[in-house]
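Worksheet: one structure, shown below.
Chain A is the first sequence line, chain B the second, and so forth, proteins listed ahead of strands; every chain is numbered from 1. Please read all numbers here as calculations on a predicted model, not as lab measurements.
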Amino acid sequence: MLMNWIQRKKTTRPAASPEDAGGSAPSERAGEAAEMALFEGVRQGRQKSFEALYRLYHPRLQRFLLHMIRQGDAVVEEVLNDTMMVVWRRADAFDGRSRLSTWIFGIAYRKALKALSRMDLPVDDADLPESPDPAPGPESRAGFVQLRGRLQQAMNELSVDHRAVIELCYFHDMSHGEIADVVGCPPETVKTRMFYARRRLRALLEDLGGHLPGEM
Amino acid sequence: MSNVVVPIETDPHQFVQALLPWFARGSLQEDDAAMVREHLLHCAACRAELGAERSLQAALADCAEERAADTEAALGRMRALMANNPPAPQPAQGKGRWMPWALGLQSAAIAALLLVVVARPALEPVAPYKGLSAAPTAPPRPEALVMFRPGAAEPAIRKALLAHRAVIVGGPTESGAYRLSLPGGAPALAALRAEPAVSLAESLDPVAQP
C-alpha cells in the first residue's frame with residue numbers, strides 16, 4: 001500500500017501554495033493579507049510601505065543568511081540589502097503564484113549562492129575538510145553551551161544545499177513545497193536532501209561529542 | 001556544487017523518514033501525514049527515527065541563537081542605497097493608445113452612476129430596510145501592522161492595546177506581526193509605536209502613507 005502511495009506521489013507532484021503545509025489558519029491568512037497590503041504599497045513605489053516590509057523581514061532574513069553564508073555581519077547585511085533592493089525595484093516580478101515570503105527567501109537564497117561563489121567559498125561539503133575534533137571530553141559533554149557549539153559546528157559542516165533545507169524547515173517552518181520554490185528544485189529533491197542532511201547532521205553530532213538530550 | 005541527488009522513493013522507510021521533519025512539526029499535508037502514521041504503527045525503526053527527530057528539533061529549538069537584529073541601522077544604510085536606485089518604472093505597453101479611450105469610458109460611467117444616485121431618491125424614495133440577520137455594524141477595519149518586542153509580557157501588551165483602543169484582528173504572520181484595528185488614526189499609531197512593548201507599528205491605510 002505504501003509503495004502505491006509513493007508511486008502516486010511521484011506522478012502527482014504537489015504544488016507549493018498558501019494552502020500547502022496542511023492548510024493555513026484564518027489568522028495566518030489574515031497576516032499574509034496584511035503583508036500583501038504592504039507589498040502593494042511597495043509596488044506603487046511607496047517607500048514607507050517598503051520600510052515596514054523591511055522591518056518585518058530583516059530579522060528572519062538575517063538569521064537565514066547568517067547560517068547560509070557563515071560570514072561576518074557586514075557581508076550578511078550586504079546580501080540582505082541586495083535582496084531587499086530586488087524587492088523594491090522588481091516588485092512587479094512577483095506573480096502571486098507562491099507566498100510573498102517564499103518569493104523573498106528565494107531571492108535571498110540566490111543572492112547567498114552568488115556571494116559564496118564570489119568569495120570562492122565552498123558550497124558543497126565534499127570540499128570541506130573533516131571536522132576537527134573539538135574534544136570536549138565526556139565530563140563536559142552535558143551543558144547548554146557545549147550543545148549549542150556542537151550544533152553550530154555540525155550545521156556549518158553541512159553543504160549549502162543541506163543547510164538550506166534544514167534552516168528553512170526547522171527555523172522558518174516552511175513546507176517541502178515552499179522550500180522547493182525557494183531553492184528552485186522539485187519537492188522530491190527537497191525530501192531527499194532533507195533525508196541525507198539529517199543523517200549527516202546526526203553523524204556529525206555523534207562525532208562531535210555524543211547523543212542529543214533525550215536520545216538513547 | 002554537487003547536483004547528484006540519489007532518489008529515495010524506492011525504499012519506503014527512507015521515504016517516510018524523509019518526511020519526519022515535517023511530520024514531527026505537524027506541518028505535513030493530511031494525506032501524507034496519514035500514510036506516515038500508518039507506516040509508524042508497523043515499523044519500530046521509523047518510530048525510533050521519529051523519536052530521534054523530536055530530540056533533534058528540541059535541541060535545535062533550545063539552542064537557536066537569539067541574535068538582536070539592528071534593523072534600524074541596516075534600514076538606514078538601505079535608505080542610502082535606495083536613494084541611488086529608484087523603483088523600476090511599471091511597464092507601459094500601448095499606454096498612449098488605449099489610455100484616452102479608457103479615461104473617456106471611465107468618465108462616462110461615472111457620469112451615468114452619478115445620474116442614477118442623484119436622480120433615484122427624487123423618483124422613488126427608498127424605505128430603510130434592515131434584515132433580521134443583518135450585522136449591526138461593519139467589522140472593524142484593520143489599520144495597522146504591529147510587532148511586539150521579543151519577551152514582552154502579556155500584561156504590557158494588553159496595557160498598550162487598551163491604552164490606544166487597539167484590537168487585534170489578524171495574525172500572527174510568519175514574521176510575528178499582528179493586524180490591528182486602531183480607531184485613533186495617526187496619533188494613536190505614533191503613541192503605540194512609543195510603547196515599550198512594541199517594536200514596530202505601521203499603518204496599513206494606503207491614504208496615510210506617502
Side-chain angles (χ1 to χ4, degrees), chain A residues 2-3 5-6 10 14 21-22 27 30-32 34-35 37-38 41 45-49 51-52 54-60 62-63 77 80-81 84-85 88-92 101 123-124 126 147-148 151 161 169-171 173 175-176 188-189 191-195 198 202 212-215, chain B residues 1-2 5-9 12 14-15 17-19 21-22 25-30 33 35 39 51-53 55-60 62-65 67 69 71 74-75 77-78 81-82 85 87-88 90-91 142 145 147 169-175 177-179 200 202 204 206 209-210:
Chain A
L2 183 61
M3 290 310 293
W5 172 63
I6 291 172
K10 284 168 74 175
S27 62
E32 284 171 19
E35 287 188 9
L38 288 177
R46 283 199 289 265
Q47 185 162 337
K48 196 163 181 183
S49 298
E51 290 183 3
Y54 185 98
R55 289 188 180 98
L56 279 178
Y57 273 86
H58 181 269
R60 298 169 64 200
Q62 187 190 49
R63 193 209 138 80
E77 186 183 306
L80 195 157
N81 282 356
M84 292 305 289
M85 185 60 81
W88 172 239
R89 298 205 71 226
R90 296 300 318 279
D92 57 305
S101 58
V123 293
D124 196 304
L147 179 60
R148 172 182 280 182
L151 278 168
D161 288 342
C169 171
Y170 291 154
F171 297 105
D173 242 346
S175 69
H176 50 77
E188 295 310 315
T189 306
K191 292 180 207 166
T192 305
R193 284 181 184 170
M194 177 59 95
F195 178 81
R198 284 175 60 245
R202 286 175 56 195
L212 293 165
E215 193 179 0
Chain B
M1 187 191 313
S2 168
V5 177
V6 181
I8 58 170
E9 292 92 343
Q14 289 190 356
F15 193 88
Q17 286 172 24
L19 292 174
W22 294 282
R25 305 177 76 76
S27 62
L28 210 53
Q29 283 179 316
E30 186 43 43
M35 290 305 288
H39 179 82
E53 174 61 31
S55 297
L56 177 66
Q57 291 197 11
L60 285 169
D62 283 347
C63 295
E65 195 179 0
R67 193 186 174 97
T71 303
L75 181 56
R77 289 182 281 273
M78 184 80 212
L81 285 174
M82 290 165 70
N85 292 279
Q90 300 291 319
L145 197 64
M147 282 175 81
V169 294
T173 68
E174 289 178 0
S175 319
Y178 293 83
R179 294 173 87 191
L200 176 147
E202 296 291 342
L204 284 172
Q209 294 176 354

Would you compute the distance between atom [atom1] of [X] and atom [atom2] of [Y] and round it to the nearest 0.5 angstrom?
X     : Y      : atom1 : atom2 : result
A:E35 : B:R179 : CD    : CZ    : 11.0 Å
A:E51 : B:T71  : CD    : OG1   : 12.5 Å
B:W22 : A:C169 : CH2   : SG    : 5.0 Å
A:R55 : B:L75  : CZ    : CG    : 5.0 Å

Minimum heavy-atom distance [X]-[Y], with the two atoms named:
X      : Y      : answer
A:N81  : B:L81  : CB-CD1, 3.8 Å
A:M194 : B:A18  : CG-O, 4.0 Å
B:R25  : A:Y170 : NH2-O, 3.1 Å
A:A52  : B:L200 : O-CD1, 4.1 Å

Exercise for review: Look only at the side chain of A:R198 and the backbone of B:Q17, and say whether a donor-acceptor pair between them is shorter than 3.5 Å.
Suggested key: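 Yes, the answer is positive, given that a donor and an acceptor are paired below the 3.5 Å cut-off.
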Practice item. Could you tell me which residues satisfy side-chain hydrogen bond (donor to acceptor under 3.5 Å, both in side chains) with B:R77, sequence neighbours excluded, listed by chain and number? Key: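 So B:R77 forms a side-chain hydrogen bond (donor to acceptor under 3.5 Å, both in side chains) with A:E77.
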**Study point:** Sequence-distant partners of B:Y178, side-chain hydrogen bond (donor to acceptor under 3.5 Å, both in side chains), two or more places apart
**Key:**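 Once residues adjacent in sequence are excluded, B:Y178 has no partner under the side-chain hydrogen bond (donor to acceptor under 3.5 Å, both in side chains) criterion.
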**Study point:** A:R89 side chain near B:M82 side chain, heavy-atom distance below 4.5 Å
**Key:**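 In short, these two side chains do not touch, never coming nearer than 4.5 Å.
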Exercise for review: With a 4.5 angstrom heavy-atom cut-off, could you sort out which part of B:M78 is near chain A: side chain, backbone, both or neither?
Suggested key: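 Contact with chain A: backbone and side chain both.
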Point to revise | Chi angles and distances behind the side chain to side chain contact (heavy atoms under 4.5 Å, CB included) call for A:H176, B:L28 | key: CA-CA 9 Å; A:H176 50 77; B:L28 210 53; 4.2 Å; yes
